[in-house]
Each structure stands twice: as structure tokens, then as C-alpha cells.
Amino acid sequence: MLPGILRLLLAFFILFSTTNLIALSLTLPQDISALKAFKASVKPSSIQPWSCLASWDFIADPCASPRRTRFTCGITCSPDSTRVTQLTLDSAGYSGRLTPLISQLTSLIILDLADNSFFGPIPSSISSLINLQTLTLRSNSFSGSVPDSITNLKSLESLDLSHNSLSGYLPKTMNSMSSLRRLDLSYNKLTGSLPKLPYNLLELALKANYLSGSLSKSSFDSLSQLEVVELSENSLTGTLGSWFFLLPGLQQVDLANNSLTRLEIPKPANSELVAVDLGFNKIEGNAPLHFADYPLLSSLSLRYNSLRGTIPLEYSRKKSLRRLFLDGNFLIGKPPPAFFAADTSVSGSIGDNCLQACPGSSQLCMPLQKPSSICKQAYGGKPSS
């Protein structure tokens, strides 16, 4: 009789223990194995004792609460504690490769590894993260190309791969990323021209790459919401067509330090344009008159190009204009007197031109104008008047 009771008690004990073990193991096994692979791909010597990854001790369940000593930071889980929904590392100098097994975290909404020292290629398997909305790999040492498979992330709203060593062309099918609002690939080594861009884009940043060719209207087709374009420090050439400044949502444009040669500036229609920087290009012709017609324009830089002719009087009458940089061109004639009135609100520079009677007491006239010999040479030996 007694052995039978003992066997029954033992069976209940095993059942109770197993039930509790199941209850404690909340996180889906594929998520646990992905997290283990992720940590294993980071060099142990780069994991500081105080860092998030140091607290990843798989004796405990990653999503179990409370997290007093293990998994104290770095991940966020779903409300039912079964799936990892965010992987956001601290900037602790982690060094290693991004494991392809990251693809198992299929409920991930945010992946942020910014400001560390991850290196190697971005795995193409990242395309399996179909719920991903924010991908931030900024300020690491990732190399290779931007994987074509990244365009399969249809839920992605923000993509920041800036400050890495990525090279090659941009994926041709980027326009298929229908949810993308913010794209920052600045400070890489990307080449080629811009492909057709996602139509819901608000911010485009590709500063300091090796992009070449002219800006094509087809790349920006249907981008009615685009507000910010940051393409400075590339090798863009040719004409910036009138279609560009007719993009209805455009507010800030930075195309400085390229090799653009010509501008077509149309009269605006309900423009929201606030700031334009086209400095340090090779733009020829006159200072564009129609910039004065943009009602909200407060900052305009056309410095260090090859502009000729006079400064449009309309620039000095524009009440919204606060910053104007026309220095480093070959502008002639007398500058508009309103620039030097006591109540002027314009700052900047019209120095280093071929202007006459630019008051030396005005900061606007600094640096000094070019020597007359250079100005005459620029105008084919004719006096600059």
C-alpha cells in the first residue's frame, strides 16, 4: 500500500515540476537560440561588465519578469512574454559580426545597434524580419553592399545605416519599401546614381558618399511628402532641373560640395521651401531670380560657384530671408543698398566677388572682393561693371 502512495506522490511531483518549468520558460525557443547566437558572435573582450550584454545570462528566461540581475537591458518582449520585439543595445563598444540567425527574431519591431563596433556584411537574412519598423546600425564598421533583400522589409519606416563602410550601388527596388519614411545612408562609400525612391519618404540623407551622375526626375517620382534632401559631399553633376524645386513638400535641401553646373529655378506654387545650400559646386549663369519668390525661404547659399552678373535686387526685398551666402563667385555691380540698412535682418557673406562699393564696415562684404585682374579675366578681359 505504501509504495503505491509513494509512486502516486512522485508522479504528482514530476507533473508539478514540469508544469512550473514550462511556465518559467516563456520565451519562444527560436528567439532564445537567436539571442544566444547574437551574443556568441560578439567578441567576449568587448563585453564590459557593466554593459547590457554582460547581463544576458541564459540560466534565466530572457522574457521572464522581474529582471533584477539577468537580461536587465537590451531587449523588450511582447506583452505575453513569448517573443522578443526590440533589440536595442547600449553604446558599449561591442565588436563582432551580426549573426545571420538574427532572422529568427521574426517579431522584432526595433533593431538598434548604433554606436558600437560591429563589422562585416549586413546579413541578407535580415529580410526575414517582416515586422521590423526601425533598423538602426549607425556608427559601426559594417562593410559590403546594402543587401538587396532589405527591400523586402515592407513594414520598415526608418532605416539608418549611416557612418559605416558600405559600398556598391543602392538596391534597384528601393521604391518597393512602401512604409519607409526616413532613409539615412550618409558617410559610407556608396556609388552610382539614385534609384527610384520610396514614394512615402519624408527624409533622404546620403551625405558624404560617392554618388555620381545627375539627379533624375524618375528617382523622385511621386515623392509628394519629401521634406528633407541631404546629398552634399558627393560627385553629382549636370543640371538640377526645375522639377526638383516643384516637389510640393520640400523644405530643406543640401546639395553642397558636388559638381552641379546649372540650375533651373521655377516660380513656386505653394512652396514650403525654407533652406537651400548649393554652395561649392560649379554652377554657372546668373544668381537665380526666382529664389526670391519662395515665400518661406530663410536661408540660401550659392557660395563658391561660378555665378556672374549682378545680385538680384529682389533678394534684398525678401523679408523672410535671414541668411544669404553668395561669396566666392564673380558677381559684379553694386550690391543692393537695403543689405546695409540699419534694420536689415540678413547675415552671411557677399564677399570674394567682383562687386563695387561694398562697404568694408559691413560684415556681409567680408572677405574682401577679388582683385580686378581676376574679375577682368573672368569676363573675358572686359571691365566688371
Side-chain angles (χ1 to χ4, degrees), residues 207 231-240 245 252-267 273-294 296-385:
K207 179 178 182 176
L231 293 171
S232 63
E233 298 179 44
N234 280 284
S235 300
L236 300 171
T237 58
T239 299
L240 187 58
F245 289 99
Q252 299 178 43
V253 175
D254 189 352
L255 284 162
N257 293 93
N258 278 284
S259 296
L260 300 171
T261 53
R262 188 164 172 263
L263 295 178
E264 294 176 355
I265 310 299
K267 277 199 170 187
L273 195 63
V274 173
V276 175
D277 191 347
L278 291 162
F280 297 94
N281 276 278
K282 299 177 181 178
I283 300 167
E284 299 179 340
N286 296 328
L289 175 62
H290 288 315
F291 271 136
D293 297 325
Y294 286 74
L296 303 178
L297 189 65
S298 65
S299 179
L300 174 62
S301 175
L302 292 163
R303 64 194 321 196
Y304 292 92
N305 280 285
S306 296
L307 297 177
R308 288 167 168 74
T310 59
I311 298 175
L313 194 62
E314 289 80 0
Y315 283 11
S316 66
R317 294 172 179 167
K318 185 166 179 54
K319 299 300 182 185
S320 67
L321 197 61
R322 294 289 182 268
R323 289 166 50 84
L324 177 65
F325 289 91
L326 299 175
D327 48 315
N329 285 286
F330 299 94
L331 299 171
I332 58 174
K334 293 183 178 180
F339 282 156
F340 314 109
D343 61 347
T344 185
S345 58
V346 177
S347 64
S349 176
I350 55 175
D352 196 15
N353 277 291
C354 300
L355 297 170
Q356 297 174 353
C358 201
S361 59
S362 172
Q363 193 65 33
L364 268 179
C365 293
M366 300 302 292
L368 297 174
Q369 301 300 308
K370 287 181 170 69
S372 59
S373 58
I374 292 177
C375 294
K376 286 179 179 179
Q377 183 179 4
Y379 283 87
K382 298 176 182 178
S384 57
S385 60

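- Note: F291 and F245 have perpendicular aromatic rings, judged against thresholds of 30 and 60 degrees for the angle between ring planes.
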Hey, mind stepping through K370 and D352 against side chain to side chain contact (heavy atoms under 4.5 Å, CB included) and telling me if it holds? CA-CA 5 Å; K370 287 181 170 69; D352 196 15; 3.2 Å; yes
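- Side-chain contact check for R323 and S347: no donor-acceptor pair (N or O, by modelled atom type) lies under 3.5 Å.
- Although no hydrogens or angles enter the test, the distance criterion places a donor-acceptor pair under 3.5 Å between the side chain of Q369 and the main chain of L355.
- Counting only distance, with no hydrogens or angles, the side chain of N329 and the backbone of N353 share no donor-acceptor pair below 3.5 Å.
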Tell me, with the steps shown, if L324 and F339 meet side chain to side chain contact (heavy atoms under 4.5 Å, CB included). CA-CA 10 Å; L324 177 65; F339 282 156; 3.5 Å; yes
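- Remark: the backbone N or O of L260 is not paired with any side-chain donor or acceptor of N258 at under 3.5 angstrom.
- A salt bridge is defined here as a Lys NZ or Arg NE, NH1 or NH2 lying under 4.0 Å from an Asp or Glu carboxylate O, and R262 with E264 meets this definition.
- Side chains of S361 and F340 form no contact here, defined as non-hydrogen atoms less than 4.5 Å apart.
- With K282 contributing its side chain and T237 its backbone, the two residues share no donor-acceptor pair below 3.5 Å.
- Across all their heavy atoms, C354 and F330 have their closest contact at SG-CA, 4.1 Å.
- The backbone N or O of M366 lies less than 3.5 Å from a partner atom in the side chain of S349, making a donor-acceptor pair.
- Remark: the backbone N or O of L255 is paired with a side-chain donor or acceptor of N281 at under 3.5 angstrom.
- Residues T344 and L364 form no side-chain contact, since every pair of their non-hydrogen atoms from C-beta on lies 4.5 Å or further apart.
- Between the side chain of D327 and the backbone N or O of I350 there is no donor-acceptor pair closer than 3.5 Å.
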